[in-house]
Protein chains: 2
Amino acid sequence: MQLSGLIARLGRHLDLTDAEREAILHAERGERRLRAGDVLVAEGGESHALYVVRQGWLHSSTKLVTGGRQILRFHYAGDLIGTSSMAWSQAAATLTAISDCIVIDLPKTELGLLFRAQPRIAGLLYAIAAAENVAMSDRLTTIGRMGASERLSTLLLDIMARLRVTAGGIVDSFDLPLTQTDIGDALGLTKVHVNRTIRALEKSGVIERTGRRVRIVDEAALVAATGFTDRYGEIETAWLPPAI
Amino acid sequence: MQLSGLIARLGRHLDLTDAEREAILHAERGERRLRAGDVLVAEGGESHALYVVRQGWLHSSTKLVTGGRQILRFHYAGDLIGTSSMAWSQAAATLTAISDCIVIDLPKTELGLLFRAQPRIAGLLYAIAAAENVAMSDRLTTIGRMGASERLSTLLLDIMARLRVTAGGIVDSFDLPLTQTDIGDALGLTKVHVNRTIRALEKSGVIERTGRRVRIVDEAALVAATGFTDRYGEIETAWLPPAI
DNA sequence: CGCAGTCTTGAATTGTGTCAATGTTTGTGG
DNA sequence: CCACAAACATTGACACAATTCAAGACTGCG
């Protein structure tokens, strides 16, 4: 069977039936390759599709009237992105590739048909959207109520938790393809202060860096300081209607 | 026909068929009355249902390890709340009534059946979830990248835009049932600084206050300063599958 | 009427931003 | 493979926005 971004993702949560796989494959359109830095969708531009990340990292961001930028979320393999186009035909955020990426098109009319043909998939997608909402809430809480070092720690823990989903074994270090400006725009800090905060964490011995590789030395301390909760685990599926 | 929270809400976006109305009514359980201050769902507690707000205001919030609180979102009549229980059986946030409220239970197993019976409703609920996500992104941007007076201005504009959805005519003033502590917890500021910021806006003449009533005097100035976008308008429904 | 919860204000402190200069990496073309 | 430019990281000095602490004035409710 053909490899599919959405099948891989939904298969993490459910055992898909053949009919469900077929329906998903039918909804997906050709893949698109992006170079690091490429913009997949621009804020305000027309958009009639979602995308499934097959490979690589992206982020979504918005621009402010005052010239700043807020990075809203990082996206990894398996994520369903550009979902604002389900509600409006204009994209609410810019999607930018951080590393080289492959994404798969999922036209929204096809998704409509998938919702009708496979209600269990529809329900799971709804649950995933609800989980995304909680992820945004977590970030809001972090940025609204924590200091710079807790924000940064939370980001590192979050990235690591997410990478552990894909990498089977235990991960305690990873390559961080983000500039300090990116990190600042994600955390609501300036790049200068991000730098100071990183160096302080390094000096206190809870993290180590070699080039762009980061190693989490004292995960327990970071978790204790931030109250970080890993939300990347299971999604409850008991309420879903039976598969067709 | 019996009055229903969800029918009223979805009816804003679609002309529902009789079969769809029937199915929604079948999914909804009895209503629940809350007094201002009551907690509908506590963070971490079991939850097997969503709720539709029929009347009143609520907010969702989380607690931090350090003792603080972040208010994530305010909810008004027609909103679908507690959606994190679609993904997990433990609630991710606390739902608290701000004013006296009436909410309607929507058990998630019933929602599963609704998804199967009425795919067009499923699709619309998905679009609404996507719009909720964008609303969270807006708040993240406001808190992450704006100063205190822009944050406060955005909150006021947002509340007013939301009240205009229900109130037919033009609204330029409204009762604000929030304490300054609440506002601070929503905006990532202390209550003291909220007070200073309100008084500064008042002094500069862009807002006026009488008791708990707020009047927006110079809406254009507030919009210009914040880049506020009203997202409470239409939701695109062209991609939805046909009704059954 | 009195009390508890709010709102308001001032003064001192702290965290983060701004500005500016220098060092370090990365990638590109010769 | 080297030279160079551009992007990125690092650091210091200073400015400023928001917090903290504290005290007093409202307001609404039992």
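Lettering follows sequence order; numbering is per chain, from 1. The shown structure was predicted, so the numbers you read here are calculated from the model rather than taken from an experiment.
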* Is the number of heavy atoms from other residues, nucleotides or ligands within 6.0 Å of CZ (B:R12) greater than 12? -> yes

[X] side chain to [Y] backbone, donor-acceptor under 3.5 Å:
| X | Y | answer |
| --- | --- | --- |
| A:E28 | A:D105 | no |
| A:T226 | A:S153 | no |
| A:N195 | A:V192 | no |
| B:R213 | B:S173 | yes |
| B:W88 | A:E234 | yes |

* Inter-end axis angle, the helix from C:dC1-D:dG30 to C:dG30-D:dC1, with every axis fitted to five base pairs (rounded, 10 degrees) -> 50°

* **Where protein sits on nucleotides 8-20 of chain C, one letter per nucleotide: B base, S sugar-phosphate only, - none, heavy atoms under 4.0 Å** => SBBB----BBBB-

* Encode nucleotides 23-30 of chain D as B, S and - characters from 5' to 3', where the letter depends on protein heavy atoms closer than 4.0 Å: B to the base, S only to sugar-phosphate, - to neither. => --------

Just the rounded figure in Å: distance from [atom2] of [N] to [atom1] of [X].
| X | N | atom1 | atom2 | answer |
| --- | --- | --- | --- | --- |
| B:L152 | C:dC7 | CG | P | 13 Å |
| A:L178 | D:dA7 | CG | C1' | 15 Å |
| A:R212 | C:dT24 | CZ | P | 18 Å |
| B:L187 | D:dA17 | CG | P | 18 Å |

* Check each of B:R9, B:R73, B:R54 against B:D79 using the salt bridge (Lys or Arg N to Asp or Glu O under 4.0 Å) test, and report the only one that passes. => B:R9

* Find the distance between NE2 (B:H48) and CE (B:M86) and round it off to the nearest 0.5 Å. => 12.5 Å

* To do: Please tell me if the side chains of A:D172 and A:R215 come closer than 4.5 Å, counting only heavy atoms from C-beta onward.
  => yes

* Residue that, paired with A:R145, satisfies side-chain hydrogen bond (donor to acceptor under 3.5 Å, both in side chains) out of B:T66, B:T62, B:D185 -> B:D185

